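Reminder, nothing fancy here: chain letters follow the sequence lines and each chain counts from 1. Below, all heavy atoms of this structure are taken into account, side chains as well, without hydrogens, waters or symmetry copies. Computed from a predicted model, the values in this text were never measured in an experiment.
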There are 2 protein chains.
Amino acid sequence: MKFFCDFIKNDLRTSFFVLPYAHGKNMKRVTVHDVAAEAKVSLATVDRVLNGRPGVKAATIERVNTVVKKIGFTRDWHAANMAKRRDYKIRFLIPEGDNAFMALLREEVKAASQVEPQRRTFVEANAIPPFDGEALVRELDNIKKDEVTGVVFVATDAPGVKEAIKRLAERGVIPITLVSDIPNSMRAHFVGIDHIAAGRTAASLLGRFIKPNKGKVAVVAGSMLLRDHVDRRFGFEQVISSEYQGIEVLPVCEGLDDNKMTQLLVEASLKTHPDLIGIYNVGAAKRGLISALKAHNKQDDVCVVAHDLTDDSREALRDGTFDAVINQDPPHQVRSAIRLVRAYADKSAFEESQERIKIDIFLRDNLID
Amino acid sequence: MKFFCDFIKNDLRTSFFVLPYAHGKNMKRVTVHDVAAEAKVSLATVDRVLNGRPGVKAATIERVNTVVKKIGFTRDWHAANMAKRRDYKIRFLIPEGDNAFMALLREEVKAASQVEPQRRTFVEANAIPPFDGEALVRELDNIKKDEVTGVVFVATDAPGVKEAIKRLAERGVIPITLVSDIPNSMRAHFVGIDHIAAGRTAASLLGRFIKPNKGKVAVVAGSMLLRDHVDRRFGFEQVISSEYQGIEVLPVCEGLDDNKMTQLLVEASLKTHPDLIGIYNVGAAKRGLISALKAHNKQDDVCVVAHDLTDDSREALRDGTFDAVINQDPPHQVRSAIRLVRAYADKSAFEESQERIKIDIFLRDNLID
DNA sequence: AATAAATTGAGGTACGTAAATCATGTATCT
DNA sequence: AGATACATGATTTACGTACCTCAATTTATT
């Protein structure tokens with residue numbers, strides 16, 4: 001016994017250890033033909049079993065399924081879709097305007113629309129007016145099932161939207177919310193981060209980065225009508241109030257995604273509170289914020305945590321104006337949404353871990369370009 | 001003029017604005033047939049042009065290519081591979097042993113081996129002895145072109161490895177390094193993070209998290225024979241010495257990925273330096289580190305930044321023993337390596353941004369499970 | 001003009017799966 | 001025994017592309 005084990009071990013060390021799931025040297029596609037042959041049934045029967053068509057004895061179904069598992073058959077996803085003449089039509093609805101983050105999303109959708117046809121997927125985008133629930137409802141109601149497989153949209157949490165989503169889902173179109181969600185709606189999936197957790201993360205960073213442990217922190221947001229901004233602020237407040245009692249959070253400045261307005265608000269805040277030691281930038285209008293800080297030469301004294309990696313925030317991280325940026329990877333979100341529409345359309349499984357959007361933290365040191 | 005503009009604007013607002021790259025309602029696959037018809041040539045000629053076969057006039061090539069661009073033809077990647085009878089065989093070489101991070105990689109490769117056949121890709125894994133350059137060289141030399149399209153391996157930087165990679169590449173197999181790279185070698189691509197930047201990131205976090213700005217910091221590594229550990233320490237040292245002069249970095253403790261040994265080393269360090277305020281855990285053996293900290297009840301006093309999100313480090317983040325964990329997403333790395341082998345095999349382009357592995361920072365607040 | 005060479009077209013087969021038709025087999029019920 | 005339902009097999013077409021052969025046409029060369 002001992003000898004035997006030693007022999008094996010030795011052999012493993014000198015040659016190599018093949019993990020149990022290795023295919024070995026005869027890697028070859030396992031097809032329906034192989035299944036048919038192994039199960040001693042015809043192709044037609046295999047097809048009936050695989051596609052849940054009637055007219056097969058329970059015992060035969062069982063046998064085919066066993067063989068499928070045994071020889072490791074996986075349906076060739078693409079060949080199947082080709083035969084089915086199936087393709088996927090995906091419509092993105094992205095707010096227009098000069099919000100830099102939304103611009104990144106638009107760019108990604110555009111890139112996807114050029115690559116995805118290779119996977120029998122057609123991606124198009126419509127711009128919708130921002131902060132406009134009615135427009136969104138109109139858009140959603142406009143969509144017909146045979147034109148679109150799934151709709152991916154940045155949800156504005158306005159009255160009527162939830163109902164429009166319901167109508168959409170009932171028409172057989174797959175609704176997927178992007179970046180900001182409508183909980184308890186009929187959307188099939190939400191692609192985005194947990195904004196409360198993001199706010200908590202911001203608070204932890206700011207709380208630990210700030211040196212004296214005592215002082216005032218300003219919160220600069222786009223609009224408290226946006227659910228994600230509200231959520232972020234909520235998470236932020238949670239952590240600050242429970243763990244950093246020395247820090248006083250000032251009332252929110254709402255800059256409405258406008259750089260000029262934001263700049264004025266921040267400058268006013270800097271004047272009123274010379275002891276300001278931190279800023280949490282919940283939403284867009286980073287340029288206004290940066291201008292205000294630089295105008296008062298406060299880049300180094302005030303610790304800033306912001307959201308979304310854009311050209312401006314990247315630059316601000318590099319030159320030390322921002323201390324940390326929390327990001328939600330736009331390319332990843334777009335790709336994830338597309339994969340999810342396909343998965344929901346096929347009622348097939350998807351890789352949970354791949355579709356969970358991470359709350360990315362960027363410092364000057366781990367920046368990517 | 002003014003009227004015209006106003007009219008347009010108004011229309012956009014009431015209905016919706018279709019971005020220029022939208023496909024509209026007639027989303028349909030553009031095939032070689034469409035190209036042939038539009039260019040008024042036969043399918044055979046289109047095929048000759050697309051696949052660079054000889055026997056076509058320059059003018060005709062030009063015409064076909066123009067039409068391809070005009071009507072936006074994209075080759076159906078999968079149908080093409082099917083017709084070509086092409087498939088991809090990918091071998092991963094992952095160090096064996098109980099390093100938790102490597103275990104995660106192995107798991108991901110296993111998962112991939114089950115899903116990838118759908119994309120005509122066969123993934124297998126061999127375990128190789130860790131820290132063993134000779135074994136790696138043997139493995140690499142063992143690989144034949146017709147058995148394997150590409151090899152993805154965690155590179156040990158030992159003598160002879162660079163040459164083995166060269167031989168491999170010359171045999172027509174695509175070498176891809178994973179997690180730790182061999183720069184200036186013939187590997188087609190490196191999938192992993194910039195470890196120097198990761199070290200810098202760790203230093204920035206530790207430097208800003210530490211309260212008094214003054215004190216000793218220990219560096220706990222696996223082995224200074226591992227290039228990635230050396231790089232991380234280098235980056236760490238860089239930032240600490242230039243920006244946090246109050247912090248004294250103690251000589252590296254090499255725990256050789258062994259929990260017991262690491263625990264003893266850390267305990268010794270805690271005894272020798274009661275004023276220890278921080279630990280940078282460059283490599284594995286997190287369990288040993290955690291045990292040592294808890295044994296001396298130093299979880300809360302010592303600020304710890306570690307690498308790699310595993311069950312242990314996740315738990316340590318949750319209970320406050322660790323303050324930050326720097327991660328390199330294993331599932332993403334495995335998927336990226338697979339996509340890259342395919343891209344290099346086809347000499348086709350890939351999405352840079354998707355293949356760049358990020359240096360992920362996790363705090364208690366942005367943990368994912 | 002005659003010949004050779006280059007270019008283009010027409011058509012077929014293959015890849016792996018879906019979906020349909022039609023034929024054959026087998027058990028069940030009257 | 002005959003009718004009926006069910007189970008299965010055999011065969012075909014289609015999807016979009018690659019690649020092959022053979023014929024037909026155009027162009028260049030002598």
Side-chain angles (χ1 to χ4, degrees), chain A residues 27-65 67-68 71-88 116-122 345-348, chain B residues 27-65 67-68 71-88 116-122 345-348:
Chain A
M27 296 193 274
K28 225 185 135 250
R29 167 143 273 281
V30 179
T31 74
V32 277
H33 296 271
D34 302 313
V35 176
E38 183 73 19
K40 293 186 212 307
V41 292
S42 71
L43 272 182
T45 301
V46 174
D47 184 67
R48 286 177 188 120
V49 174
L50 289 178
N51 297 292
R53 272 185 275 277
V56 189
K57 251 194 300 187
T60 313
I61 297 182
E62 181 64 22
R63 186 149 48 98
V64 170
N65 284 329
V67 169
V68 164
I71 66 177
F73 167 79
T74 334
R75 196 189 300 243
D76 186 319
W77 177 86
H78 206 97
N81 277 346
M82 219 161 80
K84 267 193 274 212
R85 277 146 208 120
R86 185 196 214 324
D87 42 28
Y88 308 89
E116 289 296 329
Q118 293 175 2
R119 288 169 212 135
R120 312 186 66 85
T121 304
F122 303 96
D346 296 344
K347 299 181 205 315
S348 69
Chain B
M27 297 193 274
K28 225 185 134 250
R29 168 141 273 280
V30 179
T31 74
V32 278
H33 297 269
D34 301 313
V35 176
E38 183 74 19
K40 294 186 211 305
V41 292
S42 70
L43 272 182
T45 301
V46 173
D47 183 67
R48 287 177 186 118
V49 174
L50 288 178
N51 297 292
R53 272 186 274 278
V56 189
K57 251 197 298 190
T60 314
I61 296 182
E62 180 64 22
R63 186 150 46 99
V64 170
N65 282 330
V67 169
V68 164
I71 65 177
F73 166 79
T74 336
R75 199 189 297 245
D76 186 321
W77 177 86
H78 205 96
N81 278 346
M82 218 162 79
K84 269 194 274 213
R85 271 136 243 177
R86 185 198 215 323
D87 43 27
Y88 308 89
E116 289 297 328
Q118 291 175 3
R119 287 166 215 140
R120 316 192 114 253
T121 305
F122 303 95
D346 296 343
K347 300 181 207 313
S348 69

- Message: From CD of A/Glu62 over to C1' of D/dT8, roughly how many Å is that when rounded to an integer?
- Response: 18 Å

- Message: Output one letter per nucleotide in nucleotides 13-29 of chain D: B when a protein non-hydrogen atom lies under 4.0 Å from the base, S when only the sugar-phosphate is that close, - when neither is.
- Response: -BBBBBB----------

- Item | A/Arg75 side chain to B/Gln118 backbone, donor-acceptor under 3.5 Å | no

- Query: Between A/Arg86 (CZ) and C/dA18 (P), how many Å, whole number?
  - Reply: 12 Å

- To the nearest 0.5 angstrom, please state how far the CH2 atom of A/Trp77 sits from the CZ atom of A/Arg86. 9.5 Å

- Is any side-chain nitrogen or oxygen of A/Thr45 closer than 4.0 Å to OP1 or OP2 of D/dG9? yes

- Point-to-point distance, once rounded to the nearest 0.5 Å, from CG of A/Asp76 to CG of A/Asn81: 9.5 Å

- Message: Under a 3.5 Å distance rule, please check whether A/Asp47 uses its side chain to pair with a backbone N or O of A/Leu43 as donor and acceptor.
- Response: no

- Message: I'd like to know if the side chain of B/Arg63 and the backbone of B/Ala39 have a donor-acceptor N/O pair within less than 3.5 Å.
- Response: yes

